[in-house]
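Keep in mind it's a predicted model, so treat the numbers as computed, not measured. Note on naming: letters A, B, ... go to the chains in the order of the sequence lines (proteins, then strands), and numbering restarts at 1 for each one.
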Amino acid sequence: MSTSPTTTPTPTQPDAGWRQKHLLDVDALSLDEIQLVMRTTDAMKEVLSRPIAKVPALRGTNVTILFYEASTRTRVSFEVAAKNLSADVVNIAASTSSVTKGESLVDTIRTVEALGADMIVMRHGTSGAPYLAAEVFSGSILNGGDGWHAHPSQALLDLYTMRAHLGDVRGKKVVILGDILHSRVARSNLWSLTASGADLWLCAPSTLLRGFDAWAGRWAGGGAPGHAGFHVTSDVDAALRDADVVMALRLQRERMDAGLLPSLREYSARFGLTRERLAGARPDALVMHPGPMNEGVEIAPDVAILDRSVITEQVTNGVAVRMALLYLLAGGHPEAVTNA
Amino acid sequence: MHELRVGEVVPLLEISRAWLVDPVSRREGPGEVVVRDGILEAVTWLKGAAADGIGPDGVLVLPGLIDLHVHLREPGNEDAETVASGLAAAAHGGFTTVCAMPNTTPAADEPSVLARVAGAAAASGSPVELLAHGAVTVGRAGERLAALGELADAGVVGFSDDGSPVKSATLLRNALLYAGMLGLPIVEHVEDATLTSGAEANEGLVATILGLKGWPPAAEIAAAERAIAVLDSVRADATGARLHLTHLSTAGALAAVRRAKAAGLPVTCDVTPHHLGFTDEWVAGARRWAWEALDESGVARDPWADGALVAHPYATACRVNPPLRGAADAAACLAALVDGTADAVVTDHAPHTAVDKETEFGLAVNGISGLETAVGVLLAAVAAGRLSLARAVAALTVGPAAVMGSRPGRRGAARGLVEGAPADLVVVDAGDDWRVTPEALASRGKNTPLLGRELPGRVLVTLAQGRLAYQDPSERA
Ligand SMILES: [Zn+2]
């Protein structure tokens, strides 16, 4: 797969290096840094293709995986990634209920540091929690998802997967369909895709899009420096028309309890990704989903298994991207991976 | 001034070549004051050559300031603040009268709690006058009226369930009637809780981008409109009924007050320094003043596009109820102060422990420690040409006194620069910046997003009732 970073001449740019101590969100990354993650992921994919998919790059490094929310997929993905790099992995399943028992996040981070953590991969149900952890931890924090806010490794693996099929995503129509309001995946993808010049469309029922229309309006004339604008709509057919990528998001039952939607049935009828709807997209449009899927709700079972569905590939690329992120945060250089 | 301790009568204090502001006589200009044996012996207004070079950007002499809305946390949460530390913070901020809110544990819903607080104030030795609001309902639970008459007899200056609104509109109506009979205002925290369940940050661009649950301005506007409608409904039955809406933060609620005042309703309101000086972009990490965050057409600028994010996002010091709003709402707070719609500036001083603030943004308690930075924020607005010094001083003296319905001789009455009266004044060097640090704050609550920042207006000396309340360390001879 792809070109070897060691043989690709890269133009030397003064700011082309990795400058992040932590990875809290993709909004902090320059386009150069995003490209660097992509190149490093290429190298990690090469490692994964070997009979023994393991390099000693992080030998002696303690990676603590601290999850305040249950998420087997993401936790295992990080764990496999860290082990492939020969890191010592410690898993901690914390619960936010321990907060009420008196152990604060700050106490926990200090304890984890005292126990030898060099890096913490953190998942937390509260937006911004990794920023607090980063203030007290002397090592690196890698945000594995915080509240509604950010899920940078997911956005970068999504981008990697798109690029593997489409080449450059610049000008490509990418649709994110689903519960945008409560989605850290959507927010992080918004930064990485607009930074990469994609033609991004966010599509959801109006109750699950609140605030995004104003954000899109704000960015219409050029948003954050270097970022493209994006579109917001509740018209699924308009969103899907000639799309190159369609990513469906998980819909949670709590949205009905909160009075945001009448019913799952109605959501699936109006906003579910079906073959009929997908017919409006380009014939080779990629189908993506960050998982876990509610088949029959936000995505029809026969769509998830289409040839153009790259949902399982997202999972595989997830390991490679997370290896790349752990490696870069530990101070590694992409050119050195194959010799590491 | 020789080495004096807090609480001692000031034997002699002469301040020459200062800029005096007297909101009672509506006069300001170059002058000198002499305090002898605790009495403001002489106030001299300078003219001609003697006044040369004296301006409002130098040493100011103001009457002691009044804050209608502080949380001193005693009894119940003395780790966050005590009456003594709160009064020390007040004096450092230039305040000589503060009104404590009743949301302590237990709540000040009957006179014994007030007596305990008054005892702590006396024991502190501070000459700062501590007044109190009583609770509207028992335990602030919103179900039964508190001992309003007994609280009035004990000297409260108003009633409030602050921290939350009076939950039922029927109770609010009855409270307005009953408090009106007693000649006291209901001080209402206006918030429609059905719109703010789980809310974290002002609904808008910042909350959307940061993934925080929106706290809509509509929650305040709807509750303000409702409270005003309820007030209107009792006017015929209770001519004494008065409604004061505290810490308004939205253009919509302030517009509602403006309309109500124009219609002759007995409604007053206040705004805070943080709602007129800070904005929701501070939650994202910006630290520019609210008036710097507006574009020419009065629309909030985008701190991401401007590269204005200089601090960590999600700083819990920025978490407050009502939340820091957008720049347009902050401008509306300032405009309401300028045009008099807002009768007073209050700090809503809400000290918290580090433990309660050093946590995830979504789990952090609401509140900003504000007594010691209010003058600085207002002077920054004055320096930016957004506010007159006279108006700022009025909103911290005669404005709040009028809200309390002060009559001559009554506690909390505004003290102008009156010769022959006990000295009650603050000396501020508007030309001397000071850095807000945990050590510089007398309050136990270090929870302010201004930490680390230079503010204009060092308070040099505060005198209350002729006694020393605060003296800057550099002024001690
Ligand atoms: Zn309040």
Point to revise | Flag if over 12 foreign heavy atoms under 6.0 Å of CZ, A/Arg73 | key: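 Atom CZ in A/Arg73 is packed in, count exceeds 12.
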Check your understanding: With a cut-off of 6.0 Å (strictly less than), are more than 12 heavy atoms of other residues, nucleotides or ligands near CZ of B/Arg453?
Key -> yes
Check your understanding: Considering only heavy atoms, which portion of A/Tyr131 lies under 4.5 Å from any heavy atom of chain B: side chain, backbone, both, or neither?
Key -> side chain
Look up atom [atom1] in [X] and atom [atom2] in [Y], then write down how far apart they are to the nearest 0.5 Å.
X        : Y        : atom1 : atom2 : answer
B/Arg301 : A/Arg218 : CZ    : CZ    : 9.5 Å
A/Trp148 : B/Leu212 : CH2   : CG    : 8.5 Å
B/Glu360 : A/Ser127 : CD    : OG    : 11.0 Å
B/Ile209 : A/Leu190 : CD1   : CG    : 8.5 Å
A/Leu24  : B/Tyr314 : CG    : OH    : 9.5 Å
A/Leu132 : B/His312 : CG    : NE2   : 10.0 Å

Review point. For the residue pair B/Trp304 and A/Trp191, does the interplanar ring angle fall in the parallel (under 30°), tilted (30 to 60°) or perpendicular (over 60°) class?
Key: tilted
Exercise for review: Return yes if some donor-acceptor pair links the side-chain N/O of A/Arg187 with the main-chain N/O of B/Thr208 below 3.5 Å, else return no.
Suggested key: yes
Point to revise | B/Asn366: partners by side-chain hydrogen bond (donor to acceptor under 3.5 Å, both in side chains), with sequence neighbours left out | key: B/Arg319
Exercise for review: Using side-chain hydrogen bond (donor to acceptor under 3.5 Å, both in side chains) as the criterion, list what pairs up with B/Asp79, not counting sequence neighbours.
Suggested key: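 Residues passing side-chain hydrogen bond (donor to acceptor under 3.5 Å, both in side chains) with B/Asp79: none at all.
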Exercise for review: Quick one: list whatever passes salt bridge (charged side-chain N to carboxylate O under 4.0 Å, His left out) with B/Glu372, sequence neighbours left out.
Suggested key: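 Expected list: none.
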Check your understanding: Do any of residues 193-202 of chain B have a heavy atom less than 4.5 Å from a heavy atom of chain A, and if so, which, in residue order?
Key ->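 Hits under 4.5 Å: none found.
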